[in-house]
Participant: 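The structure follows.
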Amino acid sequence: MKITFPDGSNKDFETGTTLVQVAESIGAKLAKASLAAELNGTLVDMTTPLKEEARVRFLTFSDEEGVDTFRHSSSHVMAQAVKRLYPEAKLAIGPPIEDGFYYDIDLAERISDDDLNRIEEEMDRIVAEEIPFTREVLPREEAIRLFKELGEDYKVEMIEEMDEDTVSIYRQGDFVDMCRGPHVPHTGYIKSYKILHTAGAYWRGDEKKKMLQRLYGTSWFDKKDLKAYLDRLEEARKRDHRRLGRELDLFSIEEEAGAGLVIWHPKGALLRTLIEDLERKEHLRRGYQIVMGPQLLKVDLWKKSGHWDNYRENMYFTEVEGAQYGIKPMNCVAHMLIYRSSIRSYRDLPLRYFELGTVHRHEKSGVLHGLLRVRGFTQDDAHILCTPEQLNSEIRGVIAFVRDMMGVFGFEYEMEISTKPEKSIGSEEDWERATQALMQALKDEEIPYKINEGDGAFYGPKIDVILKDAIGRMWQCATVQCDFALPERFELEFVGADGERHRPIMLHRVILGSIDRFLGVLIEHYAGAFPAWMSPVQVKILTITDRSANYARSVAGRLREEGFRVESDLRNEKIGYKIREARLEKVPYMIVLGDREADTGTVAVRHREDGDRGVVPLDEFVEGVRGEMAPPKIPYKEG
RNA sequence: GCCGGGAUAGCUCAGUCGGUAGAGCAACUGAUUCGUAAUCAGUAGGUCGUCGGUUCAAGUCCGAUUCCCGGCUCCA
């Protein structure tokens with residue numbers, strides 16, 4: 001029986017040889033590292049005996065499938081430990097996820113953090129026992145009977161909904177789980193793991209269904225990798241924007257003021273202003289017009305826009321002299337009124353209305369999260385009204401804009417297109433054309449994307465841009481949405497070249513999204529060490545002794561004249577202490593001034609990254625850093 | 001909103017069995033005038049998230065509530 005390997009080589013084996021034995025014949029190292037294998041394109045266990053000639057690829061922890069297999073087996077080991085300690089526990093699902101795995105368990109008793117240690121101890125025993133994972137294939141009915149006997153109601157429910165005639169199950173000792181597999185050969189593989197925390201999770205992700213207990217864990221082939229991962233989590237904790245926001249005195253969110261309402265302190269407000277100034281400048285360059293709408297609009301207008309019917313739950317309302325008003329959750333309505341305020345010709349289009357609009361949304365209490373999920377935030381929002389012919393180039397303009405802005409901050413991002421959902425308005429052709437326009441725009445700009453079928457807004461498809469925070473959570477920032485509904489509801493029109501009235505198409509788009517959320521991600525991205533142009537304090541002047549105070553004041557004055565943002569530390573403290581504090585504040589440039597510098601009109605420059613840069617004349621320092629102190633110039637070609 | 005955990009000085013945290021509140025850092029005061037990540041000494045700082053209950057006595061036990069943390073659902 002001939003077995004062929006990925007490099008094209010092949011070898012003969014007797015029928016019935018297992019994959020483990022095949023791997024061993026190649027090398028003990030490979031056999032030890034192989035977690036599963038791909039047999040003629042299908043994932044199988046290493047214990048699988050071979051019947052006929054085949055192509056084989058061994059999967060180790062450096063293959064994605066190998067990692068998934070390993071973590072999936074880890075979740076089974078954890079589940080077995082749980083079942084040993086809590087025989088009445090019912091198992092739901094236990095898949096691998098990025099960097100780990102989880103298992104959802106239905107158990108009346110609450111699993112506390114102390115219990116996690118007990119579960120880990122039980123897992124240690126299971127690992128030491130090196131229990132083999134064995135696969136069986138049962139007829140569907142028999143599998144249902146088995147899991148009914150075991151009281152595993154969730155497994156029964158899943159099998160009953162499956163189409164297949166047979167079901168594969170895996171056993172490890174007295175533990176049985178329904179599972180597609182594959183698994184590692186035995187439990188002894190799972191040596192480097194940790195149960196991280198518990199959480200609630202709805203059965204099947206449906207908030208109407210029962211809340212189960214989810215145990216999150218992580219596991220690695222190597223002890224070193226586990227430690228590296230736990231260290232990485234610790235590092236991420238240090239760059240958490242909520243922690244840095246307090247340490248750098250950027251913002252606060254206070255119980256007294258209300259949940260999800262951000263209070264920007266001077267340094268944070270300055271940071272925000274710098275970003276907003278850049279945005280205004282870039283929008284004007286790209287043919288947007290800056291507009292501003294009110295914070296409250298009458299309820300009738302929200303009824304007309306559809307928000308009353310579709311978004312009321314998320315809105316705040318107030319009453320003034322008997323009239324009902326809604327606080328805006330979006331900026332679009334005022335923009336509609338601006339468009340409608342005069343007769344528009346096709347020659348006027350596209351019209352691009354831009355607003356740094358502060359909106360308020362009533363978010364459920366459990367979802368609030370620092371700056372990343374709040375109840376009041378400012379969007380860099382714009383509504384583009386254009387003809388159907390202009391749609392493609394307008395979308396491309398937005399995509400290019402997103403790319404340019406993300407480039408400024410060095411962000412990696414992912415793009416997704418969300419298509420027509422089940423509940424939607426508008427004609428089939430409109431949807432098709434809009435979706436094609438979005439796809440074509442991404443193709444034209446050579447940006448890869450994935451498709452989220454049926455995830456679009458009810459009024460149109462959208463492109464979403466997703467950024468990651470410090471611990472890998474994904475946050476949506478930029479979005480481009482086609483909207484047919486609002487132009488219709490507000491009866492927007494333009495006079496075409498044919499002299500007839502036509503309906504414009506509207507693009508709703510944000511580039512950074514919520515400025516607040518974006519800054520949260522940005523703080524984590526830079527770990528608080530912002531590039532000089534956006535650092536609230538760009539230069540901190542540190543004196544060696546009181547004697548240098550006057551010289552320090554004159555240097556500070558000169559730098560301020562240059563437009564640099566400067567702070568001075570003239571306290572009677574040792575220089576090491578002042579440097580330490582300035583470092584913790586993550587100020588990009590420190591200038592150390594003592595008698596030597598005062599006598600020669602020089603400054604001793606220290607940078608937060610590379611330390612002491614030596615002594616230079618003040619003018620030389622100014623010219624040397626002028627470029628990085630100014631907001632970046634973004635390359636932009638019109639058209 | 002749901003599940004679990006939590007809230008003690010500006011920050012990080014300790015506080016035993018219910019018996020009158022503790023540390024380090026920060027702050028303030030004084031001394032020190034110092035050359036690239038923490039000088040020394042002293043002082044002050046708390047309605048223990050809030051409201052209610054049990055008790056002779058509550059930071060500690062019970063209930064409610066607000067907010068926070070980790071997830072789920074939802075989302076910029």
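Note that these values count all heavy atoms, side chains included, but never hydrogens, waters or copies made by symmetry. Residue numbering restarts at 1 for every chain, and letters A, B, ... go by the order of the sequence lines.
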Participant: Go through the structure and list residues passing side-chain contact (heavy atoms from CB on, under 4.5 Å) with A:Asp206, not counting sequence neighbours.
Facilitator: A:Lys208, A:Lys209
Participant: If you take the centroid of each ring, where Trp contributes its six-membered ring, are A:Tyr216 and A:His197 closer together than 6.0 Å?
Facilitator: yes
Participant: For B:G45 versus B:G5, give the span between their P atoms, rounded off to a whole number of Å.
Facilitator: 37 Å
Participant: If the condition is ring-ring contact (aromatic ring centres under 6.0 Å, His included), which residues does A:Phe484 pass it with, not counting sequence neighbours?
Facilitator: none
Participant: Starting from C1' on B:A76, measure out to CG on A:Leu467 and report it in whole angstrom.
Facilitator: 11 Å
Participant: With heavy atoms under 4.0 Å as the rule, sort A:Val359 into base, sugar-phosphate or nothing.
Facilitator: nothing
Participant: Evaluate the ring pair (Phe, Tyr, Trp, His ring centres under 6.0 Å) criterion for residues A:Phe518 and A:Phe409: first the C-alpha distance (whole Å), next the side-chain angles of each, then the deciding distance (0.1 Å), finally the verdict.
Facilitator: CA-CA 11 Å; A:Phe518 184 78; A:Phe409 305 102; 5.1 Å; yes
Participant: Quick one: which of B:G71, B:C67, B:A76 gets closest to the side chain of A:Ala259?
Facilitator: B:C67
Participant: Are there any protein N/O atoms within less than 3.5 Å of an N/O atom in nucleotides 7-12 of chain B, and if so, which ones and at what distance?
Facilitator:
unit_1 : atom_1 : unit_2   : atom_2 : d
B:U12  : OP1    : A:Arg246 : NH2    : 3.1

Participant: Hey, does the side chain of A:Gln379 come within less than 4.0 Å of B:A76's phosphate (OP1/OP2), counting only N and O?
Facilitator: no
Participant: Would you kindly give the CZ-to-C1' distance between A:Arg373 and B:G70, to the nearest whole Å?
Facilitator: 16 Å
Participant: Specify the separation, in whole Å, of atom NE2 of A:His241 and atom C1' of B:A76.
Facilitator: 13 Å
Participant: Between B:U55 and B:G15, how far apart are the two P atoms, rounded to whole Å?
Facilitator: 28 Å
Participant: Does A:Arg110 form a salt bridge (Lys or Arg N to Asp or Glu O under 4.0 Å) with A:Asp115? I'd like the steps, not just the answer.
Facilitator: CA-CA 9 Å; A:Arg110 298 289 156 228; A:Asp115 297 329; over 6 Å; no
Participant: With rounding to whole Å, what would you report as the distance between B:C11 and B:C72 at their C1' atoms?
Facilitator: 32 Å
Participant: Ignoring hydrogens and geometry beyond distance, is a side-chain donor-acceptor pair present between A:Thr543 and A:Lys578 at under 3.5 Å?
Facilitator: yes
Participant: Whole-Å distance between B:A76 C1' and A:His383 NE2?
Facilitator: 13 Å
Participant: When you compare B:G71 with B:U36, how far apart are their P atoms, in angstrom units rounded to a whole number?
Facilitator: 44 Å
Participant: Excluding sequence neighbours, so at least two apart, what forms side-chain hydrogen bond (donor to acceptor under 3.5 Å, both in side chains) with A:Arg204?
Facilitator: A:Glu161
Participant: What distance, rounded to whole Å, do you find between the two C1' atoms, one in B:C2 and one in B:G59?
Facilitator: 30 Å
Participant: Please write out each protein N/O paired with an N/O of nucleotides 3-5 of chain B under 3.5 Å, distance rounded to 0.1 Å.
Facilitator:
unit_1 : atom_1 : unit_2   : atom_2 : d
B:C3   : O2     : A:Gly200 : N      : 3.3
B:G4   : OP1    : A:Arg110 : NE     : 2.7

Participant: Who pairs with A:Phe251 by ring-ring contact (aromatic ring centres under 6.0 Å, His included), at least two apart in sequence or on another chain?
Facilitator: A:Trp264
Participant: Where each residue is assigned the nucleotide of RNA chain B containing its nearest heavy atom, which of A:Phe377 and A:Lys364 is assigned the position nearer the 5′ end?
Facilitator: A:Lys364
Participant: Between A:Asp153 and A:Lys90, is there a side-chain N and carboxylate O pair less than 4.0 Å apart?
Facilitator: yes
Participant: Against the six-membered ring of A:Phe101, is A:Arg71 placed for a cation-pi contact (under 6.0 Å from the centre, within 45° of the normal)?
Facilitator: no
Participant: In whole angstrom, give the distance that lies between atom NZ of A:Lys209 and atom P of B:C74.
Facilitator: 13 Å
Participant: Who pairs with A:Asp68 by side-chain contact (heavy atoms from CB on, under 4.5 Å), at least two apart in sequence or on another chain?
Facilitator: A:Pro96
Participant: Is A:Tyr216 touching bases, backbone alone, or none of the nucleic acid, heavy atoms closer than 4.0 Å?
Facilitator: sugar-phosphate
Participant: Roughly how many Å is it from CG in A:Asp99 to P in B:G70, rounded to a whole number?
Facilitator: 17 Å
Participant: Produce a footprint string for nucleotides 33-48 of chain B: one letter per nucleotide, 5' end first; B if the base is under 4.0 Å from any protein heavy atom, S if only the sugar-phosphate is, - if neither.
Facilitator: BBBBBBB---------
Participant: From the list B:A76, B:U73, B:G71, which nucleotide is the closest neighbour of the side chain of A:Glu207?
Facilitator: B:U73
Participant: A:His72: what forms a ring-ring contact (aromatic ring centres under 6.0 Å, His included) with it, not counting sequence neighbours?
Facilitator: A:His76, A:His183
Participant: Between C1' on B:C74 and NE2 on A:His362, what's the gap in Å once rounded to a whole number?
Facilitator: 12 Å
Participant: Starting at CD1 of A:Ile263 and ending at P of B:C67, how long is that distance when rounded to a whole Å?
Facilitator: 14 Å
Participant: Run the side-chain hydrogen bond (donor to acceptor under 3.5 Å, both in side chains) test against A:Arg246 and tell me which residues pass, sequence neighbours left out.
Facilitator: none
Participant: For the C1' atoms, the ones on B:C48 and on B:A21, what distance do you get once it is rounded to whole angstrom?
Facilitator: 8 Å
Participant: Distance check: side-chain N/O of A:His369 vs OP1/OP2 of B:G70, anything under 4.0 Å?
Facilitator: yes
Participant: Mind checking the C1' distance from B:C17 to B:A57? Whole angstroms is fine.
Facilitator: 14 Å
Participant: With a non-hydrogen cut-off below 4.0 angstrom, is A:Glu363 in contact with a base, only sugar-phosphate, or nothing?
Facilitator: base
Participant: Is any N or O donor-acceptor pair between the side chain of A:Arg517 and the base of B:C75 shorter than 3.5 Å?
Facilitator: yes
Participant: Looking only at side-chain N and O atoms, does A:Glu524 offer a donor or acceptor that is under 3.5 Å from a partner on A:His241?
Facilitator: yes
Participant: Could you list the residues that satisfy salt bridge (charged side-chain N to carboxylate O under 4.0 Å, His left out) with A:Glu234, not counting sequence neighbours?
Facilitator: A:Arg237
Participant: When the C1' atoms of B:U60 and B:C25 are compared, how many Å lie between them, rounded to an integer?
Facilitator: 27 Å
Participant: Check the side chains of A:Thr419 and A:Glu453 for a donor-acceptor pair under 3.5 angstrom, ignoring hydrogens and angles.
Facilitator: yes
Participant: Using a 3.5 Å limit for the pairing distances, which stems of at least 3 consecutive Watson-Crick or G-U wobble pairs does RNA chain B take part in?
Facilitator: B:1-7 with B:66-72, B:10-13 with B:22-25, B:27-31 with B:39-43, B:49-53 with B:61-65
